[in-house]
Amino acid sequence: MSNHFMATWVATVLLCASACTDNHSRPANIQKPDNTASTADSELCVSSDCGEAIPLVTIPDAENILFTAEGRLFVSGGLNVYEITKLPDESFIATPIADAECGFTGLVQRDNYLYAVCGDSRLFAGEITATPVLSQIYSFAENMCIPNGATLGADGKIYVVDEPLNPSCLPPDPRIVRITIDPQNPLNILEQETWLQGGALGLFFLNIDQTLRFPNGLAHIGNTFYSTDGGVVFSVELLPDGTAGVPTALLFEPTAHDDLSVADDQQSLLVTDFFQGKVLQLSLTGEVLQQTNPLTFSFPSAIQQARPPMFAADDILVTEKGVLQDTVTPIGNQLTLFRRKTP
């Protein structure tokens with residue numbers, strides 16, 4: 001969630017909420033949030049009825065989460081990228097691994113390398129060794145505004161959302177870019193190109209058209225990408241010729257969805273609701289399967305299903321960003337475990 005988004009979005013919601021939530025503004029395939037399936041329909045617990053939030057470790061301006069296949073855990077924040085490890089006493093520590101401070105956002109793993117996007121248009125990377133160190137390897141094109149959510153496509157390229165929320169980025173140029181990594185050198189970027197173009201006048205965030213305006217999170221299953229744009233969670237296809245299809249809205253709510261991830265053996269999505277302080281589990285077609293109560297979290301920014309050995313397979317991790325640009329208060333600034341309550 002960018003530092004410049006809150007005032008714009010709140011004003012828009014107050015002006016447009018009633019118009020944007022009636023049946024005329026919602027395609028037939030978009031599910032209303034109150035159409036919530038039974039918790040028994042899913043093995044995950046993403047409901048305040050069955051689960052509880054447990055603070056784990058402080059992460060200043062907590063932003064994004066990545067698990068390796070082996071269960072190593074990396075979290076980005078407003079000052080650094082951290083590896084999270086578990087101590088014998090069951091507590092957790094966060095060890096910074098980037099060699100420079102930055103407002104880090106999206107995280108991507110490609111082979112045995114970790115890539116960390118920085119909101120000031122730098123890209124850091126490093127090999128995932130026993131003691132990894134991330135260093136700057138690339139600067140995004142000069143006209144990038146706030147590089148944010150990122151994912152590794154099925155084509156081996158890294159896709160990065162450009163979130164045009166900084167007032168200095170005029171005119172706004174929302175989009176998703178694609179960068180190509182040198183097959184001979186994982187620390188060398190060969191090319192950056194625009195994959196999905198939005199527009200300064202886009203109203204997709206209000207579910208009125210299909211033009212991106214406030215894109216944020218990014219995930220994918222095969223050639224289907226999932227993302228957020230204000231109140232909309234949407235999908236878009238990577239077509240056989242490498243271009244992007246037409247974005248399709250899956251869910252609309254008059255709020256600001258931040259990040260999202262694929263969960264439940266690629267059967268569902270986990271989504272954060274930044275303003276309402278809750279998280280949701282969606283089917284891949286946008287049906288709300290479960291959701292926590294509002295204000296369960298302090299401005300949640302990212303969410304991931306956890307992995308052993310540090311966590312149970314049905315645990316969920318959430319970054320609580322808290323107050324924007326604040327890295328010291330107890331409001332947010334932490335990584336939180338959402339775990340099924342003990343009977």
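Being a predicted model, the structure only gives us computed values, none of them experimental.
In this structure, Phe104 CZ and Asn80 CG are separated by 5.5 Å, a value rounded to the nearest 0.5 Å. Between Asp315 atom CG and Ile54 atom CD1 the span is 8.0 Å, to the nearest 0.5 Å. Between the CZ atom of Phe338 and the CD1 atom of Ile303 there is a distance of 9.0 Å, given to the nearest 0.5 Å. To the nearest 0.5 Å, atoms SG (Cys45) and CG (Asp314) are separated by 8.0 Å. Distance check, rounded to the nearest 0.5 Å: CD of Gln281 to CD of Gln291 gives 11.0 Å. Note: Ile59 CD1 to Thr319 OG1 = 9.5 Å, rounded to the nearest 0.5 Å.
Counting heavy atoms from C-beta on, the side chains of Val262 and Leu269 come closer than 4.5 Å. Residues Val271 and Tyr226 are not in side-chain contact: their nearest non-hydrogen atoms beyond the backbone lie 4.5 Å or more apart. Between Met144 and Arg175, the closest side-chain pair of non-hydrogen atoms falls below 4.5 Å. Side-chain atoms of Asp61 and Leu79, non-hydrogen and from C-beta on, never get closer than 4.5 Å to each other. By the 4.5 Å heavy-atom criterion applied to side chains, Phe234 and Thr248 are not counted as neighbours. A 4.5 Å side-chain heavy-atom check between Leu317 and Val75 finds every atom pair outside the cut-off. Contact annotation: the side chain of Pro186 never approaches that of Asn188 to less than 4.5 Å [non-hydrogen atoms, C-beta and beyond]. In this structure, the side chains of Ile84 and Leu56 stay at 4.5 Å or more apart for every pair of heavy atoms.
Here the side chain of Gln290 pairs a donor or acceptor atom with the backbone of Leu44 at under 3.5 angstrom. Checked by atom type and distance alone, the side chain of Ser301 pairs as donor or acceptor with a backbone atom of Glu63 at under 3.5 Å. No donor-acceptor distance shorter than 3.5 angstrom exists from the side chain of Thr211 to the backbone of Gly199, with no hydrogens or angles considered. Proximity of a side-chain donor or acceptor of Gln266 to a complementary backbone N or O of Ser268 within less than 3.5 Å is not detected. Not a single donor-acceptor pair under 3.5 Å links the side chain of Glu163 to the backbone N or O of Ile146. Side-chain N or O atoms of Ser298 include none that pairs as donor or acceptor with a backbone N or O of Glu320 at under 3.5 Å. At distances below 3.5 Å, not a single donor-acceptor pair connects side-chain atoms of His257 with backbone N or O atoms of Asp273. Judged by distance alone, the side chain of Lys321 and the main-chain N or O of Gly77 form no donor-acceptor pair under 3.5 Å. Although no hydrogens or angles enter the test, the distance criterion places a donor-acceptor pair under 3.5 Å between the side chain of Arg110 and the main chain of Gly156. For the pair Gln197 (side chain) and Pro174 (backbone), a donor-acceptor distance under 3.5 Å is present.
Listed by first and then second residue, the side chain to side chain donor-acceptor pair (under 3.5 Å) pairs involving residues 123-142 are Asp99-Ser135, Gln136-Ser139, Tyr138-Gln192 (not counting sequence neighbours).
Side chains of Thr224 and Ser235: no donor on one and acceptor on the other come within 3.5 Å. Side-chain contact check for Thr336 and Gln334: at least one donor-acceptor pair (N or O, by modelled atom type) lies under 3.5 Å.
Here the closest non-hydrogen pair linking Ala306 and Phe67 is CA-CE1, 3.6 Å. The two residues Gly71 and Arg307 have their closest heavy-atom pair at CA-CB, 4.2 Å. Ala302 and Ile65 make their closest contact through O-CD1, 3.9 Å (heavy atoms, listed as atom of the first residue, atom of the second, distance). Contact detail for Ala94 and Pro96: the closest heavy-atom pair is O-CD, 3.7 Å. In this structure, Phe225 and Gly153 approach most closely via the heavy-atom pair CZ-CA, 4.1 Å. Val46 and Leu280 make their closest contact through CG1-C, 4.1 Å (heavy atoms, listed as atom of the first residue, atom of the second, distance).
Shown are Ile158, Leu152, Leu134; of these, the side chain to side chain contact (heavy atoms under 4.5 Å, CB included) with Tyr115 is made only by Ile158. Put simply, the residue from Asn216, Asn64, Thr272 that forms a side-chain hydrogen bond (donor to acceptor under 3.5 Å, both in side chains) with Asp259 is Asn64.
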Could you please spell out the steps behind the ring pair (Phe, Tyr, Trp, His ring centres under 6.0 Å) verdict for Phe311 and Phe92? CA-CA 11 Å; Phe311 302 94; Phe92 291 82; 5.3 Å; yes
List the steps and the verdict of side chain to side chain contact (heavy atoms under 4.5 Å, CB included) for Asp162 and Asn148. CA-CA 6 Å; Asp162 187 18; Asn148 198 341; over 6 Å; no
Side chain to side chain contact (heavy atoms under 4.5 Å, CB included), that's the test. Do Phe74 and Ile128 meet it? Break it down for me. CA-CA 10 Å; Phe74 298 94; Ile128 304 176; 4.1 Å; yes
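Note on Arg122 versus Asp120: salt bridge recorded, some NZ/NE/NH1/NH2 to OD/OE distance being below 4.0 Å. Contact check on Glu193 versus Arg178 returns a salt bridge, with a Lys/Arg side-chain nitrogen under 4.0 Å from an Asp/Glu carboxylate oxygen.
Under the 4.5 Å side-chain heavy-atom criterion for ILVMFWY residues, a single connected hydrophobic cluster contains both Val160 and Tyr113. Placement of Ile221 and Val233 within a single hydrophobic cluster is found when ILVMFWY residues are connected by side-chain heavy-atom separations under 4.5 Å, directly or transitively. Using a 4.5 Å cut-off between side-chain heavy atoms of Ile, Leu, Val, Met, Phe, Trp and Tyr, with links allowed through other members, Val108 and Val133 fall into different hydrophobic clusters. Linking ILVMFWY side-chain heavy atoms closer than 4.5 Å, directly or via other members, places Ile179 and Leu187 in a single hydrophobic cluster. A single hydrophobic cluster is seen to contain both Val161 and Val236, as judged by linkage of ILVMFWY side chains at heavy-atom distances under 4.5 Å, directly or through other members.
Tyr159 and Trp195 have perpendicular rings, their planes meeting at more than 60° on a 0 to 90° scale where under 30° would count as parallel.
Enclosure of atom CG in Leu201 is not indicated, since only 12 or fewer non-hydrogen atoms of other residues, nucleotides or ligands lie within 6.0 angstrom. Annotation for Asp265: atom CG does not count as buried by contact number, only 12 or fewer foreign heavy atoms lying within 6.0 Å.
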